[in-house]
Amino acid sequence: MTSNPSDVSQEEVRQALREVIDPDLRKDVVSLGMIRDVKIDGGRVSFRFVLTTPACPARDQLQEEAKRRVGDLPGVSAVEISMESSVPAHQSGDARRVIEGVKNIVAVSSGKGGVGKTTVAVNLACALALQGAAVGLLDCDVYGPNVPIMLGLSGRPMARKGTIVPLDAYGLKVMSMGFLAEGDTPLVWRGPMLHGVIQQFLYQVAWGDLDYLIADLPPGTGDVQLTMMQSVPLMGGVVVTTPQDVALADARKGIMMLKQVNVDVLGIVENMSYFICPACGEKTDIFSHGGGERTSRKYGVPFLGSIPLETAVREGGDQGRPIVVADPGHAVAKAFKKLSETLAARISTLNLQARPTVELQL
């Protein structure tokens, strides 16, 4: 940095920061409205850098480049940057009823059971929360509500002023039929009853202000899925599959279901993608490999990432401590963290594309 006594101008700061390009949104940070409250005091320049998600994988890169670009200006002796985040809200533009305070509703679905959809939903939600986002997790799998087990939750939610207070775990607000059902008693419900309970979970739960509400849908393409997609303006859907052909055949149906009801397919996750032997380190493709990525290319939807098959993931689910919480340094935990960052970037991109860019004045 230089120590030129002449003051730098607001326009010079603006032009310098125009050279900083967000790698996911592919626009400069000034046009994206990320630069706020620029202050110049002699040779000291300070400003707020407001990211579109706390789960931004390029956070450090953007901060360093912004500091360097402004610091290289003649007359600048110091640069102070306050890194913050403000997740943009989904703007649907249709008549479906929004959930007050909830910015983005993301459905996690699968064409069939047994692919680890709930495991992905739970770890994805936890990963977003651990990075600073306000996150809720709605267990819509009313016939097999496993979210409480995977989060180590029990007990019944309280009622307050006509609303249901969700339970808390690892920074998440959580609601599930598992909190209300009696032990192992099965639910034998028809469509109208399912519709009613999902409506209640959506609109009578005190979700508060959330950046993301992750909805774990039951497998398949039935009544609960249709209720969700017809009731609320979903930001989009994530399809979970495993690599083998029988799972991919059903995943393709899930993709087509989302497209038929005009819900954006945020991407495909290939779970149980491969296994690494803990004894010898050899990688084995137990369920084949790469089918999720091939399907994403065929249907023109993003591939969000691969999650390996690991004993630690199963143990974490059984013990109520998801692997991203129990062992953040584990390779699978890092894979889930990367998945959360990729998904968050995808959501931000779609939200910003859906509305005109308004450049904020510095």
Side-chain angles (χ1 to χ4, degrees), residues 53 55 87-94 96-99 102-113 115-125 127-128 135-142 147 194 198 201-202 210-242 247-271 292-293 295-305 307 336 339-351 353-354:
T53 176
V87 177
H90 174 53
Q91 305 291 331
S92 67
D94 61 32
R96 286 174 292 181
R97 180 182 171 190
V98 300
I99 304 175
V102 177
K103 293 182 177 180
N104 298 285
I105 306 171
V106 178
V108 179
S109 65
S110 65
K112 67 186 297 294
V115 299
K117 167 186 56 61
T118 300
T119 297
V120 170
V122 167
N123 280 279
L124 174 61
L128 287 168
V135 185
L137 179 58
L138 174 56
D139 185 358
C140 297
D141 195 348
V142 294
V147 165
L194 294 172
I198 295 300
F201 283 176
L202 291 171
L210 296 179
D211 295 319
Y212 310 100
L213 176 60
I214 307 299
D216 178 32
L217 300 185
T221 55
D223 289 333
V224 172
Q225 291 88 337
L226 289 176
T227 294
M228 280 291 297
M229 294 170 189
Q230 293 172 354
S231 299
V232 292
L234 291 175
M235 170 61 240
V238 174
V239 178
V240 180
T241 186
T242 48
L248 291 166
D250 291 323
R252 291 191 285 269
K253 295 175 184 176
I255 293 170
M256 294 310 299
M257 176 189 69
L258 292 171
K259 289 188 174 184
Q260 286 177 8
V261 294
N262 296 318
V263 173
D264 282 318
V265 182
L266 297 174
I268 296 176
V269 178
E270 184 176 278
N271 195 31
E293 196 163 6
T295 299
S296 74
R297 291 196 297 268
K298 179 177 179 180
Y299 286 87
V301 299
F303 182 68
L304 298 177
I307 306 297
F336 276 120
L339 169 63
S340 73
E341 293 171 344
T342 303
L343 178 63
R346 170 78 171 148
I347 291 171
S348 294
T349 300
L350 290 176
N351 280 336
Q353 286 176 348

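Numbers here are sequence positions counted from 1.
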If you define the side chain from C-beta out and look only at heavy atoms, does anything of [X] sit under 4.5 Å from [Y]?
X    : Y    : value
V98  : P233 : yes
T295 : E270 : no
I214 : L128 : yes

On a heavy-atom basis, which atom in [X] and which in [Y] lie closest, and how many Å separate them?
X    : Y    : value
S296 : F303 : OG-CB, 3.5 Å
C140 : V224 : O-CG1, 3.6 Å
V239 : G254 : CG2-C, 4.5 Å

Side-chain donor or acceptor of [X] paired with backbone N/O of [Y] under 3.5 Å:
X    : Y    : answer
K117 : P219 : no
Q225 : P218 : yes
S348 : A345 : no
N104 : D211 : yes
D216 : A121 : no

Among V108, L339, T342, which residue satisfies the side chain to side chain contact (heavy atoms under 4.5 Å, CB included) criterion with V269?
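So the option named by the test is L339.
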Distance (rounded to the nearest 0.5 Å) between [X] [atom1] and [Y] [atom2]:
X    : Y    : atom1 : atom2 : value
T53  : K103 : OG1   : NZ    : 10.0 Å
N271 : T119 : CG    : OG1   : 7.0 Å
R346 : L304 : CZ    : CG    : 8.0 Å
T241 : L248 : OG1   : CG    : 4.0 Å
L124 : T118 : CG    : OG1   : 12.0 Å

Restricting to side-chain hydrogen bond (donor to acceptor under 3.5 Å, both in side chains), what partner residues turn up for S109, sequence neighbours left out?
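Expected list: none.
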Test side chain to side chain contact (heavy atoms under 4.5 Å, CB included) applied to L202 and L138, step by step:
CA-CA 8 Å; L202 291 171; L138 174 56; 3.7 Å; yes
Is there a side chain to side chain contact (heavy atoms under 4.5 Å, CB included) between I347 and Y212? Walk through the geometry before answering.
CA-CA 10 Å; I347 291 171; Y212 310 100; 3.8 Å; yes
Before you tell me yes or no, could you show the steps for V240 and I307 under side chain to side chain contact (heavy atoms under 4.5 Å, CB included), namely the whole-Å CA-CA distance, both residues' side-chain angles and the distance that decides it to 0.1 Å?
CA-CA 10 Å; V240 180; I307 306 297; over 6 Å; no
Apply side chain to side chain contact (heavy atoms under 4.5 Å, CB included) to residues H90 and I105 and explain how you reach the verdict.
CA-CA 8 Å; H90 174 53; I105 306 171; over 6 Å; no
May I have the list of side-chain donor-acceptor pairs in residues 255-265 shorter than 3.5 Å, sequence neighbours left out?
unit_1, atom_1, unit_2, atom_2, d
K259, NZ, Y299, O, 2.9

